[in-house]
Amino acid sequence: MKDMQVRRGKKYKKIIEAAILLSPLLALFTAGASADTLADVKARGVFRWGADAEGGAPYVYQDPKDPDKLIGFEVDLAQALAARWGVRAEMVQNNWDGLIPALGRGSFDFILNGLEITPEHLKQVAMSKPYYIYSQQIVTAKDRGDIKTQEDLKGKKVGVLSASMSQRILEKMGGVTIVSYAGNSEPCRDLRNGRLDASLMDYPIALYYAKPYAELKFSGKPFAYGYYGMGVLKKDAALLNDINLALDALLAEGKLKAIYKKWGMWEEDMGSKMKRYGKEDAVVEESPAAGLPWGKYLWLLLKSAVVTVELSVISMVLAVGLGLALALARLYGAAPLRWLSTAYVEVVRGTPLLIQLYILYYGLPNIGIKLTAFIAAILGLGMNYAAYEAENYRAGIQAIPRGQMEAAMSLGMTRMQAVRHVILPQAMRIVIPPISNDFIALFKDSSLVSVITMVELTKMYGMLANATYNYMGLGLLTAAIYFGLSYPASLAARHLEKKLAYDHR
Amino acid sequence: MIIVKNLVKAYKGHKVLDGISLGQAKGEKVVIIGPSGCGKTTLLRCLNQMEVFDSGTISVAGVTIDAALDHSSKAWKQSRHELRMRVGMVFQSFNLFPHMTALENITLAPVRVKGMHAAPARRLGADFLEKVGLGEKAGFYPSQLSGGQQQRVAIARALAMKPDVMLFDEPTSALDPEVKEDVLGVMRKLAYEGMTMLVITHEISFARDIADRVIFMEAGRVVETGPAKEIFLRPKEARTIEFLSKLLPRSPKLKTAVLVPDNQLSLEDLWD
Ligand SMILES: Nc1ncnc2c1ncn2[C@@H]1O[C@H](COP(=O)(O)OP(=O)(O)O)[C@@H](O)[C@H]1O
Ligand SMILES: [Mg+2]
């Protein structure tokens, strides 16, 4: 008894120690959240602005000539603010999707990264006056004459940046086949190789990503203008006020104009439009996904779960079939086959699935093979997992005692007959557990195919969470759907394993 | 029925079979004895072409294989297949197919190799199970059978292919003493029916009963060969004597036999 008490005492002590260690951190966190950020900034002599430099041209991105250096019109703007306040500016890298939650966690003082002034964003954060007025630009292939206005996009296949204003405008309009991309260069690539009829993008993005290509053109005038503003925590009224004053001054002094001229983004009426901000409505589309009843979210998630299941099942069938062929070629094939199979397995296992998907979807069109996203996804997942299944089969087959093959062959069976009737049926029982594990892994890995525009369960979650900022609730719901699908699969695998067992002792 | 000429088989330069020659007539029963590692198993594996050999010739039931033949040729593959069809092999470790019942183990090759239909194959399988005394066990999986029963199924499986020669590689050495006799009984019956048998075994009483001839091997060579009576009672070679005296240290009569070359014992006297 005594011993037990001593041990328990130690355990409590550990917890208390941990709490003491953590308390300065907690204090920091709460202090940061309650004090005046502006005063903080001035005291620190530096402000931290949150942005995503990955694929962020021309906003914030790595200088191609000097990748250590960040450039972009927002970098220039941050410098101008810093000069004005007499402090330094420090960029904090954060995934674009996660900028608002990160601001809430105190990772930086404000967001400066193409954040549109929309009712949704205003629900989450306070927003400054606009620092830029963007509009939507339709981009098509040079020889397309049939698409000039927003209306012309109806019935067409149009690429957009995922969760962007462009996407929302098209969703709202309806009748458009929307293909949403994780980055900006991919839709341009698909425009050039003919997978898309058009792409709709924010004007600055179009300037940077589409303009350089001779095969692409801007179709029609920009439309549906809107505002970029800086995002500030709602309680940071003083900081917000200072940002607004600074912006007014930069506009009046012509410094904003200078920055945008430098980047080729200035339009003559921009100054007057900025001054009229608040008096005239810009086009601000809320995502149609925001504010729906829960049943609707569930329905959307379940529908995309069907895509996930389709992808996983078809890819796994491919993986299991191709993997078997690879394993047999490696174990029983002639020398060149053996060599090829080994090389395939090693190369595929030694390279990331993501790269393989990119090559299949974006690389192959260069040599004239244009796969649909669904086919590319299935080939990518299936061919990738085939390498792992091949190794499972190989291990399974090699676990069968040599005597089995010899007994079969001494009865006059050919090698292939022996493999078919004696070796494989036994190896199958060995490989079912690892293969069913792999199936569950593939089921989860299938979310990677969102990079080639497939909208499956995780992508749908990302889209809905982006529109609603309900990362937690929707996240739990999505996780529950994944679990609800994978758990029965593992139960079924266990059942199959038992059923196949022939050790009846 | 079996002719082996100058058979040589080496693993990485080490000669495991170093010029073996032997002959065996139809219906003859030959027992091979010899210390562990002397190449007995390798000889049998060459005889049913589980192992390619380096030089020499083997010929079984009219099918001849010469080491000089091109091993990638169709002709070679064809003769190898024909040879295996004429030779039945029983392994030390049974090697039954664990995912099949006793009956399925027997019918697999007749169906897949000879193209027999399922129903006659099942009747054939049942007959052979009956023959080895396991008519009741048709639906049992190997894991549900004792070692002795498994080995009898393995014998039935080989017999069902109607071979001309049966090769046995220490068929009882993995078995408990109580069940050895069941397997040896089946083999005795087979011998009595006139099967040509080449058996590696150290069951001297069994060898005494069925062997027309005994071959003593050592270090990849045939040291001495002759009728069971000669080899067991009046061995000529010192190495044979040494081996036999080690073989049954608790059999005083065998010791007497081999250590006193001019003894007057008969084979029957060898056992208590
Ligand atoms: N696959 C192999 N590779 C290398 N050496 C082998 C192989 N098989 C057998 N040997 C060697 O050949 C010799 C004869 O083996 P074996 O024919 O099994 O002897 P026995 O059956 O008489 O005990 C042994 O020394 C053994 O180590
Ligand atoms: Mg052996």
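Convention: sequence-line order gives letters A, B, ...; per-chain numbering from 1.
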**OP:** Count the heavy-atom pairs under 4.5 Å between each of B:Arg45, B:Lys114, B:Arg112 and chain A, then report the option with the highest count.
**Re:** B:Arg112

Original post:
Taking the six-membered ring for Trp, are the ring centroids of A:Phe443 and A:Tyr482 within less than 6.0 Å of each other?
Top reply: yes

Subject >> A:Ser447 side chain vs A:Thr458 backbone, donor-acceptor pair below 3.5 Å >> reply: no

Subject >> Interchain contact, A:Gln417 with chain B, by part (heavy-atom threshold 4.5 Å) >> reply: side chain

**OP:** Evaluate the ring planes of A:Phe483 and A:Tyr487, with Trp represented by its six-membered ring, and classify them as parallel (under 30°), tilted (30 to 60°) or perpendicular (over 60°).
**Re:** parallel

Original post:
Any idea which of A:Met413, A:His421, A:Met409 has the most non-hydrogen atom pairs under 4.5 angstrom with chain B?
Top reply: A:His421

Original post:
So, B:Arg152 side chain and B:Val183 main chain: donor-acceptor pair closer than 3.5 Å or not?
Top reply: no

**OP:** Could you please state which residues from residues 81-94 of chain B sit under 4.5 angstrom from chain A, measuring non-hydrogen atom to non-hydrogen atom, sorted by number, or 'none'?
**Re:** B:His81, B:Arg84, B:Met85, B:Val87, B:Met89, B:Phe91

**OP:** Kindly indicate, with the supporting measurements, whether the criterion side-chain contact (heavy atoms from CB on, under 4.5 Å) is fulfilled by B:Asn95 and B:Arg157.
**Re:** CA-CA 11 Å; B:Asn95 294 347; B:Arg157 178 175 71 176; 4.3 Å; yes

Original post:
Quick one: do A:Lys459 and A:Glu456 make a salt bridge, cutoff under 4.0 Å?
Top reply: no

**OP:** Answer with yes or no whether the side chains of B:Glu51 and B:Thr42 bring together a donor and an acceptor at under 3.5 Å.
**Re:** no

